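Just so it is clear: chains get the letters A, B, ... in the order the sequence lines come, proteins before strands, and each one is counted from 1. In this text the structure is predicted, and so the values were computed from the model without any measurement.
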Amino acid sequence: MSGTFNAKVYEVVKDIPEGMVATYGQVAELAGAPRNARFVGFALHRNPEPGIIPCHRVVFRDGSLAPGFAFGGPDEQRRLLEKEGVTFIAPPNQRKNQGQDGFVVDLARCQWRR
DNA sequence: TCACTGACTGTCA
DNA sequence: ATGACAGCCAGTG
């Protein structure tokens, strides 16, 4: 692993407190690459440090989670976040393919703030 | 070594 | 209002 942006992403994600979530764009920005939002997910996709990197705390700009790529299932992910204290809201359909679960993280309340 | 792909986001039509 | 397209950078094959 060429310790680089991707490594920075892991550091940022690990720094997300429980009960809080961060968007890919936000992580990307904290990692020093506001345009690399895509790559943030890519980095987490490899997930070189399973158990150390709470990928489930990283959500879309809309508050929805990664479709189909959840570590154990979108339903499990929602339950886990909810258990950590993350608030979920119902009306998602802001975009087209996002918020398909019908429940998204209430970024207004639980988005991680540095 | 080179080329392609990719958990996204923002803007345009 | 919704739908579709393009852009960005770095890792993986």
Side-chain angles (χ1 to χ4, degrees):
Chain A
M1 311 320 200
S2 329
T4 50
F5 170 76
N6 136 337
K8 193 87 171 219
V9 172
Y10 306 141
E11 187 178 341
V12 174
V13 175
K14 285 189 295 186
D15 196 49
I16 301 174
E18 299 175 5
M20 299 269 131
V21 295
T23 66
Y24 287 95
Q26 187 177 351
V27 175
E29 185 178 306
L30 292 173
R35 277 99 182 174
N36 267 33
R38 314 183 69 168
F39 212 152
V40 174
F42 202 39
L44 293 175
H45 178 196
R46 299 184 341 158
N47 203 346
E49 321 267 356
I52 307 180
I53 307 176
C55 356
H56 60 273
R57 287 186 197 145
V58 186
V59 300
F60 281 84
R61 239 322 175 148
D62 301 47
S64 53
L65 308 173
F69 258 98
F71 43 98
D75 190 68
E76 179 69 44
Q77 186 168 10
R78 183 180 75 77
R79 187 183 302 247
L80 180 56
L81 287 170
E82 190 176 63
K83 184 178 180 179
E84 289 189 352
V86 176
T87 309
F88 273 76
I89 54 181
N93 301 326
Q94 289 181 13
R95 205 102 171 166
K96 46 186 175 184
N97 61 333
Q98 300 179 7
Q100 31 137 349
D101 299 305
F103 291 96
V104 298
V105 177
D106 186 359
L107 295 176
R109 267 181 57 90
C110 299
Q111 181 171 29
W112 178 44
R113 313 233 179 198
R114 47 170 175 95

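Here the C1' atom of nucleotide B:dC8 and the CD atom of A:Gln26 are 14 Å apart, to the nearest Å. Nucleotide B:dT9 holds its P atom 15 Å from the CZ atom of A:Phe39, rounded to whole Å. The nearest whole Å value for the distance from the CG atom in A:Asn6 to the C1' atom in B:dA7 is 14 Å. The distance from atom CZ of A:Phe42 to atom C1' of B:dT9 is 17 Å, rounded to the nearest whole Å.
Taking CZ from A:Arg79 and CD from A:Glu84, the interatomic distance works out to 14.0 Å, rounded to the nearest 0.5 Å.
In C:dA10 the O4'-C1'-N dihedral to the base is more than 90° from 0, which defines an anti nucleotide.
Side-chain contact between A:Leu81 and A:Leu65 is present, with at least one heavy-atom pair separated by less than 4.5 Å.
In terms of polar N and O atoms assigned as donor or acceptor, the side chain of A:Arg38 comes within less than 3.5 Å of the base of C:dG7 in a complementary pairing.
For A:Asn36, the listed nucleotide lying nearest its side chain is C:dA10; candidates were B:dT9, B:dG6, C:dA10. Distances from the side chain of A:Arg35 to the nucleotides B:dA7, C:dC8, C:dA10 place C:dC8 closest. Relative to the side chain of A:Tyr24, the nucleotides B:dG10, C:dC9, B:dA7 differ in distance, and B:dA7 lies closest.
Across all strands shown, B:dC12 pairs with C:dG3; the Watson-Crick or G-U wobble distances both stay below 3.5 Å.
At least one donor-acceptor pair closer than 3.5 Å links the side chain of A:Gln26 to the backbone N or O of A:Trp112.
Between A:Thr23 and B:dC8, a side-chain N or O to OP1/OP2 separation shorter than 4.0 Å is absent.
Atom CD of A:Gln111 has more than 12 heavy atoms from other residues, nucleotides or ligands within 6.0 Å.
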